[in-house]
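Computed over heavy atoms, backbone and side chain alike; hydrogens, waters and symmetry mates excluded.
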Amino acid sequence: MAVDIAATDAGWRARGRLVSDEDHEAFGFLSDLDPVFLLRFEDGSSVAVTVCPDGHRDFVLTEHADPLRRSVENRIAPE
């Protein structure tokens, strides 16, 4: 996965692209469960982001302003 983060007058803009179809399947599964991720940087800092699909392999990251701890319910039906 490749992510490009750029400064803007309003703060920042982040776009990403999944490199392979294997990444697309796994990332899609995790995003469907919960689209909020922690984006971690090399200096150890992190920011909560929401992933929004933007095409087959492309996505946009926006800052997640709501609390990280929240109730999530997901059920996987047996096949």
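- The two atoms that bring S46 and L38 nearest to each other are OG-CD2, 4.2 Å, heavy atoms only.
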Check the pair V51, L61 against side chain to side chain contact (heavy atoms under 4.5 Å, CB included), reporting the backbone distance first and the verdict last.
CA-CA 5 Å; V51 175; L61 302 174; 3.6 Å; yes

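- Between V3 and I5, the shortest heavy-atom contact is CG1-CG1, 3.9 Å.
- Other residues, nucleotides and ligands contribute more than 12 heavy atoms inside 6.0 Å of the CZ atom of F41.
- In terms of heavy atoms, H24 sits closest to L18 at CA-CD1, 3.4 Å.
- There is a path of hydrophobic side-chain contacts, each under 4.5 Å, that joins W12 to F37.
- For S45, the side chain to side chain donor-acceptor pair (under 3.5 Å) partners at least two apart in sequence or on another chain are D43.
- L30 and V47 fall within a single hydrophobic cluster, where Ile, Leu, Val, Met, Phe, Trp and Tyr are joined by side-chain heavy atoms under 4.5 Å apart, directly or via other members.
- Ring planes of F27 and F59: tilted class, angle from 30 to 60°.
- Scored by the salt bridge (Lys or Arg N to Asp or Glu O under 4.0 Å) test, D4 finds R13 as partners (sequence neighbours excluded).
- The closest side-chain heavy-atom distance from R17 to D58 is below 4.5 Å.
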